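Fair warning: this is a prediction, and the values are worked out from it, not measured in the lab.
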Amino acid sequence: MTTLLVIAKEPLPGRVKTRLTPPFTPEEAAALAEASLVDTLEVVLATPARRRVLVLAGAPGPWLPPGFDVVPQCDGGLDERLAAAFGGCDGPALLIGMDTPQVTPELLTVDFADHDAYFGPAEDGGFWALGLAEPDPALLRGVPMSTPTTGAVQRGRLTAGGLRVHDLPSLRDVDTAHDAELVAAEAPEGRFARELARLHTAVAQ
């Protein structure tokens, strides 16, 4: 079976979701980040997996459910941190971030029998998921991150390596307040949507 990796930051004010401020305060942005992370972890728990790993920058909190191995992120750029996350796996692995709380177990249930890689493009030009039948950190090192072409470059690395790539549906990351509204509408029953609604109610009062 597949190892499922979640790469995340501890949801602390001023350290996460800074592009949500304004209109949200750093504390509110951190609350939304925590809600997004919790939704993501719950989906991973509901997905069949050989192992579930949280690759974390920071310390675990009460938001972490049982069932995850926690490993620290290494130093360096995001490409190095993603590469190291895959480097710790000894079999098929699928990695996602904490920014797509609308993800479902169906999207994360992958089968490498006919594919060497899974690639989930993000609407901002990056990617929300990357799966490798044989994790090779070299496939990620040097890919420019957080640019409009990150996804295209990363997918190109896969095909240039001769991998058979299966594309997952495109999803929207939660980066801005506009993104938050659209993502909450896609998963209205999730904790992220409830937290966003609570913040809106607090503002209205």
Inset, instruction - Identify the residue among Thr176, Thr150, Thr147, Asp175 that makes a side chain to side chain contact (heavy atoms under 4.5 Å, CB included) with Asp124. - result: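 The single option meeting the side chain to side chain contact (heavy atoms under 4.5 Å, CB included) with Asp124 is Asp175.
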Legend entry - Member of Asp69, Asp90, Thr3 meeting the side chain to side chain donor-acceptor pair (under 3.5 Å) criterion with Arg51: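 Of the listed options, the one satisfying the test is Asp69.
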Inset, instruction - Output yes when Arg194 and Glu189 qualify as a salt bridge under the 4.0 Å nitrogen-oxygen rule, no when they do not. - result: no
Inset, instruction - Look at Asp99 together with Arg172 and state whether they make a salt bridge at an N to O cut-off of under 4.0 Å. - result: no
Closest heavy-atom pair and its distance - [X], [Y]:
X	Y	answer
Ala93	Pro135	CB-CG, 4.2 Å
Leu140	Asp136	CD1-O, 4.1 Å
Leu4	Pro48	CD1-O, 4.3 Å
Pro121	Leu168	CD-O, 3.3 Å
Ala30	Val16	CA-CG2, 3.9 Å
Ala8	Leu54	CB-CD1, 3.9 Å

Check whether [X] and [Y] end up in the same hydrophobic cluster, where Ile, Leu, Val, Met, Phe, Trp and Tyr are linked by side-chain heavy atoms less than 4.5 Å apart.
X	Y	value
Phe68	Val71	no
Leu12	Leu32	no
Val44	Leu171	yes
Val165	Leu108	no
Val43	Val183	no

Inset, instruction - Begin with the C-alpha distance, continue with both residues' side-chain angles, and end with the deciding distance and a verdict on side-chain contact (heavy atoms from CB on, under 4.5 Å) for Leu95 and Leu82. - result: CA-CA 8 Å; Leu95 179 144; Leu82 295 177; 3.7 Å; yes
Spacing of [atom1] belonging to [X] relative to [atom2] belonging to [Y], to within rounding of 0.5 Å:
X	Y	atom1	atom2	value
Lys9	Leu56	NZ	CG	11.5 Å
Leu45	Thr47	CG	OG1	8.5 Å
Leu158	His115	CG	NE2	13.5 Å
Asp173	Met98	CG	CE	11.0 Å
Leu182	Glu123	CG	CD	8.5 Å
Leu78	Ser146	CG	OG	6.0 Å

Expected output: side-chain [X] to main-chain [Y] donor-acceptor under 3.5 Å:
X	Y	answer
Thr25	Glu28	yes
Gln154	Leu139	yes
Gln102	Glu186	no
Arg157	Arg141	yes
Tyr118	Phe112	no
Gln73	Gly58	no
Asp116	Arg164	yes
Lys17	Ala31	no

Inset, instruction - Mind running side-chain contact (heavy atoms from CB on, under 4.5 Å) on Thr100 and Val174 for me, showing each step along the way? - result: CA-CA 7 Å; Thr100 51; Val174 175; over 6 Å; no
Inset, instruction - I would like to know whether Phe192 and Val38 meet side-chain contact (heavy atoms from CB on, under 4.5 Å); could you show each step before the answer? - result: CA-CA 8 Å; Phe192 180 81; Val38 168; over 6 Å; no
Legend entry - Test log, rule side chain to side chain donor-acceptor pair (under 3.5 Å), inputs His200 and Glu181: CA-CA 11 Å; His200 285 328; Glu181 298 290 346; 2.5 Å; yes
Legend entry - Over 12 non-hydrogen atoms of neighbours within 6.0 angstrom of CD in Glu134: no
Any heavy-atom pair between the side chains of [Y] and [X] that's under 4.5 Å?
X	Y	value
Val70	Leu64	yes
Pro65	Glu42	no
Pro169	Leu107	yes
Val53	Val6	no

Inset, instruction - Take Met145 and Val143 through the side-chain contact (heavy atoms from CB on, under 4.5 Å) test and state the conclusion after the steps. - result: CA-CA 6 Å; Met145 296 289 164; Val143 172; 3.9 Å; yes
Legend entry - Full working for salt bridge (charged side-chain N to carboxylate O under 4.0 Å, His left out) between Glu34 and Arg191: CA-CA 9 Å; Glu34 180 175 324; Arg191 178 169 172 171; 3.2 Å; yes
Inset, instruction - Would you please classify the geometry between the Phe119 ring and the Phe127 ring as parallel, tilted or perpendicular, with 30° and 60° separating the classes? - result: tilted
Legend entry - Distance-only side-chain donor-acceptor flag, Ser36 / Asp39, under 3.5 Å: no
